[in-house]
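As structure tokens, the structure follows; a few thoughts come after it.
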Amino acid sequence: MSLLPAHQALFRNVLVGLFFSVALLPSTASSLLREELNTIAVYEKVSSSVVNVVTTTVLYDFFYRPVPQEGAGSGVILSADGTIVTNYHVVRGAKAIEVRLADGSRWPAEVVGTAPEDDLAVIRIQAEGRDLVPISLGDSDALEVGQKIYALGNPFGLGQTLTAGHVSQLKRSIRDQGRVLEDLIQVDAAINPGNSGGALVDSQGRLVGINTAILSPTGTNVGIGFAIPVNRVKAAVPGMTSWWNKYLGYILAGLLAYWIWKRIARLR
């Protein structure tokens with residue numbers, strides 16, 4: 001049976017339409033917006049450099065009996081030898097520290113140095129058999145208000161979490177637990193308890209800050225978070241990891257005490 005000319009034309013148009021529909025059908029990758037693809041790329045680049053930090057502290061009840069308490073925070077791998085930066089308030093008073101890597105492995109950690117005035121601390125793990133991925137460092141002085149940023153960390157114990165937002169303002173100062181933290185980065189990316197010590201990165205996956213605090217009447221995110229600029233981290237970390245810088249204060253205090261003792265002995 002042969003088709004009539006009109007039927008042949010209709011059949012041909014249907015086939016052409018089906019061909020172009022299939023040919024132009026978007027794949028999963030191409031259906032994502034360019035900004036979404038960039039966000040995915042940032043996460044894949046940075047997530048293995050962000051760790052969960054679990055601490056154990058000891059409190060005492062009414063009868064002065066020790067009661068272990070577990071806390072959670074985040075950290076960022078700075079070098080392949082296991083050096084990790086986090087917030088000082090995350091590890092303050094901890095009797096034990098455990099670092100959980102992105103692959104799920106757990107490693108005991110020790111405090112290498114602290115800078116309480118900057119709310120920074122450096123801890124270290126010996127992760128034998130693991131290739132640790134240090135994060136790339138950016139330049140916080142180059143940040144602009146309105147710039148896209150991403151926060152990665154361990155909010156409420158939910159590790160490897162990414163949130164996106166923008167730089168809301170620069171050079172903010174806040175009072176936190178009796179101390180004043182100055183020149184902070186204000187962001188609107190969701191930062192919650194457990195994000196402390198985590199990474200704030202730019203759209204190229206470079207570290208621009210360490211998430212440290214939120215301003216909230218409820219204790220959870222209301223769109224106002226703060227991060228320590230990475231340039232301050234660059235300046236503080238050498239003093240926390242160098243043996244000489246770490247004990248310089250004690251050496252100077254010892255020399256001063258010796259000088260005073262000599263002066264007193266000479267006056268006798």
Side-chain angles (χ1 to χ4, degrees), residues 51 53-60 64 66 69 71 73-99 107-128 132 134-135 137-141 171-185 196-200 207-213 226-268:
V51 302
V53 179
V54 179
T55 60
T56 302
T57 57
V58 177
L59 302 178
Y60 295 89
Y64 207 69
Q69 298 285 330
S74 307
V76 181
I77 299 174
L78 292 182
S79 63
D81 66 356
T83 300
I84 297 168
V85 66
T86 184
N87 282 140
Y88 170 70
H89 75 260
V90 170
V91 298
R92 180 181 54 209
K95 300 300 181 182
I97 304 172
E98 181 183 79
V99 167
W107 306 90
E110 62 176 359
V111 176
V112 175
T114 61
E117 66 280 3
D118 291 322
D119 196 20
L120 291 172
V122 171
I123 60 178
R124 185 168 289 150
I125 61 174
Q126 300 294 333
E128 299 179 1
L132 301 181
I135 199 166
L137 302 183
D139 180 7
S140 52
D141 289 342
K171 298 185 180 302
R172 289 296 199 196
S173 297
I174 62 170
R175 183 174 294 277
D176 181 59
Q177 298 181 357
R179 64 179 181 271
V180 177
L181 299 175
E182 299 180 340
D183 296 330
L184 301 180
I185 305 166
S196 293
L200 185 74
L207 184 71
V208 294
I210 297 295
N211 303 319
T212 189
F226 300 94
I228 301 167
V230 71
N231 287 1
R232 189 180 306 171
V233 177
K234 294 177 185 178
V237 166
M240 289 187 281
T241 56
S242 168
W243 181 91
W244 170 256
N245 290 328
K246 183 177 179 180
Y247 293 103
L248 181 60
Y250 297 105
I251 294 172
L252 293 177
L255 291 174
L256 178 61
Y258 177 75
W259 180 83
I260 294 174
W261 177 80
K262 291 288 288 185
R263 294 279 296 182
I264 294 174
R266 189 177 301 173
L267 295 174
R268 287 180 178 176

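Index from 1, following the sequence. As the structure is a computational prediction, the values presented were derived from the model and not from experiment.
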Donor-acceptor pair, distance only, cut-off 3.5 Å: does the side chain of [X] make one with the backbone of [Y]?
X: Asp118; Y: Val233; value: no
X: Asn211; Y: Ala199; value: yes
X: Asn87; Y: Asp119; value: yes
X: Thr56; Y: Lys95; value: no
X: Asp81; Y: Thr83; value: yes

Shortest non-hydrogen separation from [X] to [Y] and the atoms involved:
X: Thr55; Y: Ala94; result: CB-CB, 4.0 Å
X: Val122; Y: Met240; result: CG2-CE, 3.7 Å
X: Val91; Y: Ala121; result: CG2-CB, 3.8 Å
X: Ile125; Y: Ala109; result: CG2-CB, 3.6 Å
X: His89; Y: Ser196; result: NE2-OG, 3.1 Å
X: Trp107; Y: Glu128; result: CH2-O, 3.5 Å

Heavy-atom side-chain proximity of [X] to [Y] below 4.5 angstrom:
X: Asp139; Y: Val230; value: no
X: Phe226; Y: Leu181; value: no
X: Arg124; Y: Thr241; value: yes

- Item | Derivation and outcome, side chain to side chain contact (heavy atoms under 4.5 Å, CB included), residues Leu184 and Arg232 | CA-CA 10 Å; Leu184 301 180; Arg232 189 180 306 171; 4.2 Å; yes
[atom2] on [Y] to [atom1] on [X], rounded to 0.5 Å:
X: Glu182; Y: Arg172; atom1: CD; atom2: CZ; result: 14.0 Å
X: Thr86; Y: Ile210; atom1: OG1; atom2: CD1; result: 7.5 Å
X: Leu200; Y: Leu207; atom1: CG; atom2: CG; result: 7.5 Å
X: Glu110; Y: Ile123; atom1: CD; atom2: CD1; result: 10.0 Å
X: Asp183; Y: Asn231; atom1: CG; atom2: CG; result: 11.0 Å

- Count the heavy atoms belonging to other residues, nucleotides or ligands that lie under 6.0 Å from CD of Gln126, then report whether that count exceeds 12. no
